[in-house]
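FYI, the numbering just counts along the sequence from 1. All values below come from the heavy atoms of this structure, side chains included, with hydrogens, waters and symmetry mates left out.
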Amino acid sequence: LKGGENMSKDSYDDIEELYADKINEIKNTVAKEIAKEMKKIEQEVIDRNVYSAFSPKVYERRKDDGGLRSEDNMVEGISIDGDSVIIEVENMTTGNERYNDYWKGEIQPLIESGSYMWNGKMPPPRPFIDDTQREVDKRIDKIVEDALNKLDW
């Protein structure tokens, strides 16, 4: 068996070794490209569902500078389960340290539910996780195809 330029070896004597290398390559390259696109979709949904739905009067949003839509706060997890690749993106944004009495934990559950007080008021719930998943589901075929094309598969 001959391997392509993206494989770690030029030839394989064992189909299982080729399969293991391909799965590893998918996990380390293709899945990372897909996760990148998933993060972009989450940013779009955050803009629509969170930032457009409520305008704070007392603080300035961090957005891409450590805020909810910051890609640095979106932690990807990529794993293999049998012949499936599982890609998860978790938003780990914590409270804004620039303000006194800030929430030190993750803010995603609070924003989703609207279950917090800010300056004596309770902002409305602004769920974005389920909508992000729906958008990913709608676009996943194209995302995978684009990731494979980008890597010349």
Side-chain angles (χ1 to χ4, degrees), residues 4 6-8 16 18-99 101-153:
N6 290 327
M7 292 187 188
S8 56
E16 288 166 6
L18 170 66
Y19 178 77
D21 268 3
K22 271 298 184 199
I23 288 293
N24 193 44
E25 190 175 345
I26 288 169
K27 180 181 175 188
N28 292 320
T29 58
V30 177
K32 287 192 179 295
E33 285 298 315
I34 294 168
K36 227 188 276 187
E37 290 304 311
M38 291 169 67
K39 291 175 185 181
K40 287 179 185 174
I41 291 170
E42 183 168 314
Q43 289 172 322
E44 292 171 14
V45 175
I46 287 169
D47 285 341
R48 183 181 68 230
N49 289 19
V50 178
Y51 292 153
S52 293
F54 171 73
S55 296
K57 307 248 187 289
V58 192
Y59 64 93
E60 188 176 322
R61 288 188 164 137
R62 295 172 288 171
K63 294 191 178 184
D64 291 325
D65 183 23
L68 192 64
R69 84 180 302 283
S70 177
E71 197 172 312
D72 292 339
N73 293 335
M74 297 177 193
V75 178
E76 65 193 52
I78 300 170
S79 59
I80 305 292
D81 183 13
D83 61 356
S84 297
V85 178
I86 299 163
I87 305 167
E88 297 177 300
V89 175
E90 184 175 356
N91 195 310
M92 306 289 285
T93 306
T94 57
N96 192 338
E97 297 176 11
R98 297 174 193 158
Y99 297 94
D101 300 325
Y102 70 97
W103 174 256
K104 291 172 181 52
E106 293 175 20
I107 62 174
Q108 176 264 318
L110 301 176
I111 291 170
E112 287 263 326
S113 65
S115 60
Y116 65 99
M117 295 295 279
W118 182 261
N119 206 32
K121 294 186 180 178
M122 199 171 219
R126 293 161 290 153
F128 63 95
I129 297 296
D130 287 346
D131 282 358
T132 298
Q133 184 63 58
R134 278 190 282 279
E135 284 296 319
V136 168
D137 291 347
K138 279 191 233 174
R139 303 184 203 177
I140 193 65
D141 291 341
K142 176 97 171 82
I143 292 169
V144 171
E145 182 182 334
D146 289 348
L148 293 173
N149 287 335
K150 185 174 185 178
L151 297 165
D152 293 327
W153 278 33

Colleague: So does K104 have more than 12 non-hydrogen atoms from other groups sitting under 6.0 Å from NZ?
Modeller: yes
Colleague: Are any of the side-chain nitrogens in E25 or K22 under 4.0 Å away from the carboxylate oxygens of its partner?
Modeller: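 Yes, E25 and K22 are salt-bridged.
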Colleague: Do E33 and K150 sit within salt-bridge range, that is, some charged N less than 4.0 Å from a carboxylate O?
Modeller: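 Yes, charged N to carboxylate O under 4.0 Å.
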Colleague: Step by step, would you call T93 with Q108 a side chain to side chain contact (heavy atoms under 4.5 Å, CB included)?
Modeller: CA-CA 7 Å; T93 306; Q108 176 264 318; over 6 Å; no
Colleague: Are the charged groups of R139 and E135 less than 4.0 angstrom apart, N to O?
Modeller: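 Yes, this pair counts.
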Colleague: Once rounded to the nearest 0.5 Å, what's the spacing between atom NZ of K40 and atom CD1 of I143?
Modeller: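 Answer for the NZ-CD1 pair, K40 versus I143, is 10.0 Å.
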Colleague: Can you check side chain to side chain contact (heavy atoms under 4.5 Å, CB included) on E112 and I129, steps first, answer last?
Modeller: CA-CA 8 Å; E112 287 263 326; I129 297 296; 3.1 Å; yes
Colleague: So, N73 side chain and G66 main chain: donor-acceptor pair closer than 3.5 Å or not?
Modeller: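 Answer holds: yes.
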Colleague: Using side chain to side chain contact (heavy atoms under 4.5 Å, CB included), reason through K63 and Y51 one step at a time and then give a plain yes or no.
Modeller: CA-CA 9 Å; K63 294 191 178 184; Y51 292 153; 3.7 Å; yes
Colleague: Closest heavy-atom contact between A31 and K27?
Modeller: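 Nearest heavy atoms, A31 then K27: CB-O, 3.5 Å.
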Colleague: How close do P124 and A53 get, counting heavy atoms only, and between which atoms?
Modeller: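 What the structure gives for the nearest pair is CG-O, 4.4 Å.
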Colleague: Between D130 and R134 (salt bridge meaning N to carboxylate O under 4.0 Å), is one present in this structure?
Modeller: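 Result for this pair is no, no salt bridge flagged.
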Colleague: Could you check whether D47 and Q43, counting side-chain N and O atoms only, form a donor-acceptor pair closer than 3.5 Å?
Modeller: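 No pair is found: no donor N or O on one side chain lies under 3.5 Å from an acceptor on the other.
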Colleague: Of K39, E42, R69, which is the lone residue that meets side chain to side chain donor-acceptor pair (under 3.5 Å) with N91?
Modeller: E42
Colleague: Nearest 0.5 Å, please: how far is CD1 in I140 from CD1 in I87?
Modeller: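 One finds 6.5 Å between CD1 of I87 and CD1 of I140.
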Colleague: List the steps, then state whether side chain to side chain contact (heavy atoms under 4.5 Å, CB included) holds for L68 with I111.
Modeller: CA-CA 10 Å; L68 192 64; I111 291 170; 3.6 Å; yes
